[in-house]
2 protein chains.
Amino acid sequence: MKLSNSSQYAIRILTYITIQNESLINAFKLSQTLQIPYKFLTKIMTALVKADLVESTRGREGGFRLKKEASKIKVDDILNIFNDNMKKEECLLGIGQCDTHCKCALHDQWMEPKLLLQKMFRESNLEAISKKATKV
Amino acid sequence: MKLSNSSQYAIRILTYITIQNESLINAFKLSQTLQIPYKFLTKIMTALVKADLVESTRGREGGFRLKKEASKIKVDDILNIFNDNMKKEECLLGIGQCDTHCKCALHDQWMEPKLLLQKMFRESNLEAISKKATKV
DNA sequence: AATTAATACCACCTTTAAGTAGTAATTAAA
DNA sequence: TTTAATTACTACTTAAAGGTGGTATTAATT
């Protein structure tokens with residue numbers, strides 16, 4: 001029951017970029033301050049650029065910035081990139097579809113926390129969460 | 001955000017054993033009815049036996065049965081075996097300890113679903129959940 | 001006593017996530 | 001125009017999860 005390293009890193013990266021609010025931040029700086037292996041970080045940045053959450057400037061003095069307003073980027077958008085989000089009807093025990101008519105042993109108990117998690121991921125945006133963080 | 005295959009399988013296996021309530025069920029039967037690869041299932045059974053949730057009888061006519069009352073086996077006990085449970089202060093974003101004084105960007109939003117999940121895992125027992133299941 | 005049907009054990013193979021290495025392409029500054 | 005600093009791309013390596021194979025051990029049945 002946890003997020004993948006890629007998702008964790010990506011959320012931290014985007015939070016930090018939001019907080020800094022500089023015109024451009026480069027990969028070396030991000031890697032240093034967030035303590036994420038440089039080469040792995042650049043791989044994640046490429047994914048964020050491809051997903052249109054971030055835009056990059058190449059060459060000397062280049063770097064990264066958000067491509068949309070921070071308030072428009074949801075945590076769910078980030079998780080989607082790494083296939084780490086909560087799928088609608090997916091069964092917690094991995095037995096195909098799970099609904100009121102065909103319930104796995106944990107279906108009932110799972111409903112409430114699952115809905116809260118979905119809500120959390122879909123409604124939390126970068127602007128809001130970056131204000132709350134006291135560490136990145 | 002999901003359980004490991006081992007945890008999923010283990011919960012299903014134990015639920016099925018609880019529902020059947022036979023004196024002994026063997027690995028072949030479990031593998032067939034639950035559609036779990038035989039060799040992988042036997043590996044999981046060994047873990048369940050070592051964790052004292054299940055006891056085995058070897059030799060011809062042998063098999064498995066619960067070692068305690070179903071009401072005494074919590075979902076959390078099962079997840080613990082496969083290191084798949086929710087650790088107390090573990091940060092959702094993987095930045096060490098997370099508490100009210102040192103908060104990651106998702107700390108506040110994570111508290112409520114996290115508590116519900118912990119409650120669900122700690123309070124759900126095999127007897128209760130096996131009654132609710134309409135599939136295994 | 002031999003056979004058969006079961007679990008236990010150990011080592012291996014496969015797939016996916018995580019992380020690393022090197023080089024090409026780009027652009028600002030010297 | 002050269003150099004330095006940056007992202008982009010491709011391929012590889014490592015670690016962990018998921019899964020398989022073969023044999024030893026056990027115990028009831030024949």
Next on the checklist: Is there a side-chain contact between B/Q109 and A/F121 in this structure, where contact means two heavy atoms from C-beta onward sitting under 4.5 Å apart?
Outcome noted: no
Item to check | Listed nucleotide nearest any side-chain atom of B/N26, set D/dG18, D/dT6, C/dT7 | outcome: C/dT7
Checklist entry - Which nucleotides of nucleotides 9-14 of chain D have their base under 4.0 Å from a protein heavy atom (B), which only their sugar-phosphate (S), and which neither (-), written as one string 5' to 3'? => result S-----
Next on the checklist: What I want to check is whether the side chains of A/N85 and A/D76 have a donor and an acceptor closer together than 3.5 Å.
Outcome noted: no
Checklist entry - To the nearest angstrom, how far is A/N5 atom CG from D/dA15 atom C1'? => result 12 Å
Checklist entry - What is the distance from CD of A/E61 to C1' of D/dT6, rounded to the nearest Å? => result 9 Å
Checklist entry - Considering only heavy atoms from C-beta outward, does the side chain of B/Y38 approach that of B/L30 to under 4.5 Å? => result no
Checklist entry - Over how many whole Å does the gap from A/I44 atom CD1 to C/dT20 atom P extend? => result 11 Å
Item to check | Strand contacts (DNA chain D) in residues 74-95 of chain A, 4.0 angstrom heavy-atom criterion | outcome: none
Next on the checklist: Once you apply a heavy-atom cut-off of 4.0 Å, does B/F64 come out as touching a base, just sugar-phosphate, or nothing?
Outcome noted: sugar-phosphate
Checklist entry - Think B/S56 has a side-chain N or O under 4.0 angstrom from the OP1 or OP2 of C/dA8? => result yes
Checklist outcome for this item: Looking only at D/dG18, C/dT3, D/dT20, the nucleotide nearest the B/P37 side chain is D/dT20
Checklist entry - Okay, side chain of B/T134, backbone of A/K103: is any donor-acceptor separation there less than 3.5 Å? => result yes
Next on the checklist: Filter on ring-ring contact (aromatic ring centres under 6.0 Å, His included), then keep only pairs touching residues 2-34 of chain B, sequence neighbours left out; what's left?
Outcome noted: B/Y9-B/F40
Item to check | A/K68, A/K67, A/R65 screened by salt bridge (charged side-chain N to carboxylate O under 4.0 Å, His left out) with A/E55, the one that passes | outcome: A/R65
Checklist entry - Do A/D84 and A/S4 get their side chains close enough for a donor-acceptor pair, meaning under 3.5 Å? => result yes
Checklist entry - Can you tell me how far P of D/dA17 sits from NZ of A/K2, to the nearest Å? => result 9 Å
Checklist entry - Nearest-Å distance, CG (B/L41) to P (D/dT20)? => result 11 Å
Checklist outcome for this item: When rounded to whole Å, the CZ to C1' distance for the pair B/F40 and D/dA17 reads 8 Å
Next on the checklist: With hydrogens left out and only the distance checked, is there a donor-acceptor pair under 3.5 Å joining B/R58's side chain and the base of D/dT25?
Outcome noted: yes
Item to check | Between C/dA6 (P) and B/L30 (CG): distance, integer Å | outcome: 12 Å
Checklist outcome for this item: When A/R60 and A/S6 are each assigned the nearest nucleotide of DNA chain C, the 5'-most assignment goes to A/S6
Checklist entry - Any donor-acceptor pair under 3.5 Å linking the side chain of B/R12 with the backbone of B/L34? => result yes
Checklist entry - Between A/E123 and A/K74, is the closest basic N to carboxylate O distance under 4.0 Å? => result no
Next on the checklist: Using whole Å, what does the distance between atom C1' of nucleotide C/dA18 and atom OH of A/Y9 come to?
Outcome noted: 8 Å
